[in-house]
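Down below is the structure, laid out as structure tokens.
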Amino acid sequence: MFERPRMTKLDLVRYYDRVASAMMPHVGGRPLTLVRCGSGVAAGCMYMKHSKVWAPPALTRISVREKTKIGEYLVIETPEAIVALAQMDIVEIHTWNTRKEKIEYPDRIVIDLDPGDAIEWPTVVEAARLVRRLLHTLDLEGFVKTTGGRGLHVVIPLEPRHDWQACLAFARAVAAALVRHDPDRFTTTFGKRGRERQILVDYLRNNRTNTSVAAFSTRARAGAPVSVPVSWSEVTERLRPEAFTAATVPARLERQRKDPWAEYFTMKQRLPAKAVAALEGV
DNA sequence: GCTGCTA
DNA sequence: TAGCAGCAACGCAGT
DNA sequence: ACTGCG
């Protein structure tokens, strides 16, 4: 399926088999959008949103009311289902930020930091830490993960009680606050020109129908690392280890250093009342 | 990858 | 029966 | 309206 390094479908099966159980909590029970590369990655890939097409029996299906019609989506309920996706030539696994039980109420918001070409990695890390600090002022916790590309996601675990519009409004407010805080560094403008030196805060990815929040993806194409929750030791390694020793790490981060995502799945956060208004003052 | 039509 | 074509997303923003 | 983008 891949050239250089050569990777076959069997390799993909082995890989999914190895990571499936770790992936389950992130991708299970959610509507999927998949990237399929049927004739090898070089030949081009297709997005698969609805599940009208064939899928291995290990995948389950759900119907979701959409604007105009009812869409049928594939859902992962077991690790076997993940491995089965390899049989479908699925190379990227994207999920909604809602679980099937509460399809209109996201259980996470993702703040996507998408650096321009001239932005160095440490700057992205710094930005992610800034986002976390911003969230802390609202008594919210955020978890950092790699994206498979050059950026980072700050994931905010939520109790599924705010509809996606409320989540979108919140994400917009966070983005706006970041831009206000440092207009030279942050932008919400999509246009490529002029943002080489800026970090795009991409809040659109929180839209209900959005497909782009990949908890995991196999971006072997780009030679990028596989997207998994990143550990702080990993981040600091790439940052400047000597400048970020345990002595300088706040207790809160120190706790995360051990297992950054340990608390993630137990955390049931609510957006503070008037969170959007509160952010306007930041 | 699968289905369904055609040679 | 072998082979081929068609199929498999979407919405925002910028120009 | 069309294109780029993720």
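The structure presented is a predicted model; accordingly, all values stated were derived computationally and were not measured. Letters A, B, ... are given to chains in the order of the sequence lines, protein chains preceding strands, and every chain is numbered from 1.
The interatomic distance linking Y47(A) (OH) with dC5(D) (P) rounds to 14 Å, in whole Å. To the nearest angstrom, P of dC5(D) lies 17 Å from CD of Q198(A). To the nearest angstrom, P of dC10(C) lies 7 Å from OH of Y73(A). Here dC7(C) presents its C1' atom at 9 Å from CE of M48(A), a figure rounded to the nearest Å. Rounded to an integer number of Å, the gap from CD1 of I90(A) to P of dA8(C) is 14 Å. Going from atom CG of D117(A) over to atom P of dC5(D) covers 11 Å, rounded to whole Å. When rounded to the nearest whole Å, the span between CG of L168(A) and P of dC12(C) equals 10 Å.
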What protein N or O atoms touch nucleotides 1-5 of chain B N or O atoms at under 3.5 angstrom, if any, and at what distances?
residue : atom : partner : partner atom : Å
dG1(B)  : OP1  : K9(A)   : NZ           : 2.0
dG1(B)  : O4'  : R36(A)  : NH2          : 3.2
dG1(B)  : N9   : R36(A)  : NH2          : 2.7
dG1(B)  : N7   : R36(A)  : NH2          : 2.8

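Look at the C1' atom in both dC10(C) and dG1(B): the space between them is 22 Å, to the nearest Å. Between the C1' atoms of dA9(C) and dG4(D), the separation comes to 16 Å (whole Å).
M88(A) and Y15(A) fall within a single hydrophobic cluster, where Ile, Leu, Val, Met, Phe, Trp and Tyr are joined by side-chain heavy atoms under 4.5 Å apart, directly or via other members.
Remark: Y264(A) pairs with F143(A), W261(A) by the ring pair (Phe, Tyr, Trp, His ring centres under 6.0 Å) rule, at least two apart or across chains. Remark: P25(A) engages F265(A) in a side-chain contact (heavy atoms from CB on, under 4.5 Å) (not counting sequence neighbours). Listed by chain and residue number, R14(A) satisfy the salt bridge (Lys or Arg N to Asp or Glu O under 4.0 Å) test with D11(A) (two or more places apart in sequence, or in another chain). With sequence neighbours excluded, the residues satisfying side chain to side chain donor-acceptor pair (under 3.5 Å) with R270(A) are E159(A). Among residues two or more places apart in sequence or in another chain, the side-chain contact (heavy atoms from CB on, under 4.5 Å) test is passed with D163(A) by Y105(A), Q165(A), A166(A).
Heavy atoms from other residues, nucleotides or ligands lying under 6.0 Å from CD of E120(A) number 12 at most.
For dA9(C), the OP1/OP2 oxygens have a side-chain nitrogen or oxygen of H50(A) closer than 4.0 Å.
In this structure, dT3(D) forms a base pair with dA13(C), meeting either the Watson-Crick or the G-U wobble geometry with both donor-acceptor distances under 3.5 Å.
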